[in-house]
Amino acid sequence: MKKSNDSANEENSKEEPIHFIKNIIEKDIAENKNDGKVVTRFPPEPNGYLHIGHAKSIFLNFTLAEEYGGTFHLRFDDTNPEKEDTEYVEAIKRDIKWLGCDWGENQFFASDYFEKLYEYAVTLIKKGKAYVCSLNAEQIREYRGSLTEPGKNSPYRDRSVEENLELFQKMRDGEFAEGEHILRAKIDMASPNLNMRDPALYRIRKVHHHRTGDKWCIYPMYDYAHCTSDAIEGITHSICTLEFENHRPLYDWCLDEIGTECHPQQIEFAKLNLTHVIMGKRHMTRMVNDKIVDGWDDPRMPTIAAMRRRGFTARAIRNLCERVGVAKRENTIEMALLDYFVREDLNSIAPRVMGVLKPLKLVITNYPEDKEELLDAPNHPTDESYGTRQVPFSKVLYIEQDDFMENPPKKYFRMTVGREVRLRYGYYVTCTDVVKDDNGEILEVHCTYDPETKGGSSADNRKVKATIHWVSAKHALEAEVRLYEHLFAVENPSKGEIEENLNPNSLTVTSGYLEPSVKDAKAEDKYQFERVGYFCVDKDSSADKLVFNRTITLKDSWAKVKKKK
RNA sequence: AGGGAUAUAGCUCAAUUGGUAGAGCGCCAAGCUUUGGCCUUGGAGGUUUCAGGUUCGAAUCCUGAUAUCCCUGCCA
């Protein structure tokens, strides 16, 4: 366990890491900007499940508000009814709650502001800063110009305020077909920033909205709805990802021209990427629809729901997000770092049990045929509050196939003929011989035990090199065990070739023998199967059939030694 | 007439604002251990993208290159 006797030093090391957004906020507070208040928000579009990249943004916004005595809002950015659904709203809320970020009363929807946004648009029209354009989509694209060439003005750009007002009202009233007109900002068709070339503010969509129903047939665009929603909520720091950097001038333009009292500051940071996964929503949706994975919460997915099901903890995810920091540099985090935080947290909280995944029968020849004992075993190696349990012991056990070798290499110090090893919490046993079938396959291993070593230690203090785990065959529970590896075999799966880069071993379904103490385990219960890994009860588990997910293996330095040879 | 952003260890980030670069993970060792886990200690690993310049002194300031990412939805 980690210990430090230098309290000052420990205090320092516990401080939250500083980063450029905190610097901005601290400067703002020092200058009493926004009356020294901090209001942040997480603004998901309810059109898919949240992934670990979103988690970083959620933690960032939540902890910033928490740390500076501010407020954290959850606002659904539901301005595109074609893609959005309440199913996603519920899933998103569930995930954010699980992460431990409480938005309290501050749950909002951009769709709550549609009326206000409409009024703002009228304001812009009256100021001559917005106009109804009747070009079709293709024409608008042509008029926009290109990256290297300026665009040209729409022929409808100089419509009168009165005409614009009337047309916009009619758009709202449903008098036009989709695509017939849009409302555009009047900015600068020659701007080098394409977002400023008279961007669309409203489009006609005769679609049912999951919250407003059929009340509206015009819907605001992101650039217009996001800044105004932020302003309405009194957001002080509107944090988003790098790809919105080019949108910031438009964010500011809208609020300046509308003249909102509140003008939040948009700040961009680099989103989190992870090796061995694909996080793009489109691609994840495809993997779900094409049954490459078994749903959004397939434990191999990088979604919050999947990680939860897999057995990762919110704390591990949070520690990762804090550790990787906040910066503007594009980055891809090694999965090994996530693994580290998952192991770190699980090591401290997961009760220990014994389970054998690849069973090999071990017969203790000098142990009485019908004898059974209950052996005391601590549930946690360092935290006594976890208590102890009793594990049944008998003449015939299962041990792990990997824990016996007939012809062991150097440095292998588990069981082999003639060697004494310890059965965890049990006895010292010495292997005497091996029983094989006609093909030479090992069927069972025989050994003798030393009755004087009960509990796993000897009076003469003699050393054994190895301790191996076991399960009493007679008492063992059989369970389905799902073993997971990276979904993709390569670090950076190229997005076009999902199938080609899949890891064929990403899921192995097997069975295992577990000690009886896990009989009543419930979904999401987490254990360490000693010496094997961390496991979590799956939601598919039932009293009749236990199902465990392998969250992650233990670090295995023997595997490294073996590999080097 | 293109614009915006970013470059420091394998990965992710620091560097008190001009005083010869540090941390976590990863990697390699050793110690400890009733988990080959945990824990402890040590080590390797840097032309700070490059080239000039200013300065006693540059990751930091100046000039100029280069590389990578983002932007031409009536998506967000």
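A, B, ... follow the sequence lines: proteins, then strands. Residue 1 opens every chain.
- For B:G73, the base is syn relative to its sugar; the glycosidic angle is within 90° of 0.
- Residue contacts for A:R197: at a heavy-atom cut-off of 4.0 Å it reaches no nucleic acid atom on any strand shown.
- When heavy atoms are screened at a 4.0 angstrom cut-off, A:F76 is found touching no nucleic acid atom at all.
- Atom CZ in A:F535 sits about 17 Å away from atom P in B:G37, given to the nearest Å.
- A:T275 comes within contact range of no nucleotide atom at all, as no heavy-atom separation falls under 4.0 Å.
- One C1' atom belongs to B:G43, the other to B:G37, and the distance between them is 23 Å to the nearest Å.
- Taking every side-chain heavy atom of A:Y412 into account, B:G36 is the closest of B:U72, B:A1, B:G36.
- As rounded to whole Å, 13 Å separates atom P of B:C69 from atom CG of A:N273.
- Ring pair A:Y449/A:Y427 is perpendicular by interplanar angle, where above 60° counts as perpendicular and below 30° as parallel.
- Rounded to a whole Å, the CG atom of A:L194 is 12 Å from the C1' atom of B:A1.
- In this structure, A:H469 reaches neither bases nor backbone, as no heavy-atom distance under 4.0 Å exists between it and the strands shown.
- Distance noted for atom C1' between B:C13 and B:U48: 14 Å (whole Å).
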>> Does A:D402 form a salt bridge (charged side-chain N to carboxylate O under 4.0 Å, His left out) with A:K358? I'd like the steps, not just the answer.
In response: CA-CA 8 Å; A:D402 291 346; A:K358 288 190 287 177; 3.5 Å; yes
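- A:V326 comes within 4.0 angstrom of the backbone, heavy atoms only, and of no base.
- When distances run from any side-chain atom of A:E245 to the nucleotides B:C13, B:U35, B:A5, the shortest one goes to B:A5.
- Relative to the ring axis of A:Y143, A:K152 places its NZ or CZ within 45° and under 6.0 Å from the centre.
- At a threshold of 4.0 angstrom between heavy atoms, the contacts of A:N136 include nucleobase atoms, whether or not backbone atoms are also involved.
- Each of A:Y222 and A:V532 lies near RNA chain B, and the nucleotide nearest A:V532 is the one positioned closer to the 5' end.
- Annotation: cation-pi pair A:R343/A:Y534 absent, no NZ/CZ under 6.0 Å from the ring centroid and within 45° of its normal.
- Distance check on atom P: B:G24 versus B:C62 gives 33 Å, rounded to whole Å.
- Contact annotation for A:Q528: base contact, defined as any heavy-atom pair under 4.0 Å involving a base atom.
- With C1' as the reference atom, B:A9 and B:G3 are 33 Å apart, rounded to whole Å.
- Nucleic acid contact for A:P43: none, since no nucleic acid atom lies under 4.0 Å from a heavy atom of the residue.
- Of the candidate nucleotides B:U35, B:C71, B:C27, B:U35 has the atom nearest to the side chain of A:T467.
- Residue contacts for A:S457: at a heavy-atom cut-off of 4.0 Å it reaches a base atom on one of the strands shown.
- One atom, CG of A:N492, and another, P of B:U12, lie 10 Å apart when rounded to the nearest Å.
- For B:U63 and B:A58, the C1' atoms lie 15 Å apart once the distance is rounded to whole Å.
- Using a 4.0 Å heavy-atom cutoff across all strands shown, A:L250 reaches no nucleic acid atom at all.
- Among B:G73, B:C13, B:C28, the nucleotide with an atom closest to any side-chain atom of A:M221 is B:G73.
- Rounded to whole Å, the distance from CD1 on A:I552 to P on B:G37 is 15 Å.
- With a glycosidic angle no further than 90° from 0, B:U17 counts as syn.
- When atom types are taken as modelled, the side chain of A:Y219 and the backbone of A:V207 share a donor-acceptor pair closer than 3.5 angstrom.
- Looking at A:P46, A:P81, A:S111 one by one, the single match for side-chain contact (heavy atoms from CB on, under 4.5 Å) with A:H210 turns out to be A:P46.
- Counting non-hydrogen atoms under 4.0 angstrom, A:L242 reaches nothing in the nucleic acid.
- At a threshold of 4.0 angstrom between heavy atoms, the contacts of A:S191 with the nucleic acid are absent.
- Between B:G26 and B:U17, the two P atoms lie 33 Å apart (nearest whole Å).
- Nearest to the side chain of A:K328, among B:A5, B:C28, B:C75, sits B:A5.
- The separation of B:G45 from B:C25, taken at their C1' atoms, amounts to 14 Å, rounded to a whole angstrom.
- Heavy-atom distances to RNA chain B give each of A:E45 and A:E334 a nearest nucleotide, and the one nearer the 5′ end belongs to A:E334.
- Checking side-chain atoms of A:H380 against main-chain N and O of A:T382 turns up a donor-acceptor pair under 3.5 Å.
- Using a 4.0 Å heavy-atom cutoff across all strands shown, A:F244 reaches at least one base atom of the nucleic acid.
- Here the P atom of nucleotide B:U35 and the CZ atom of A:R414 are 13 Å apart, to the nearest Å.
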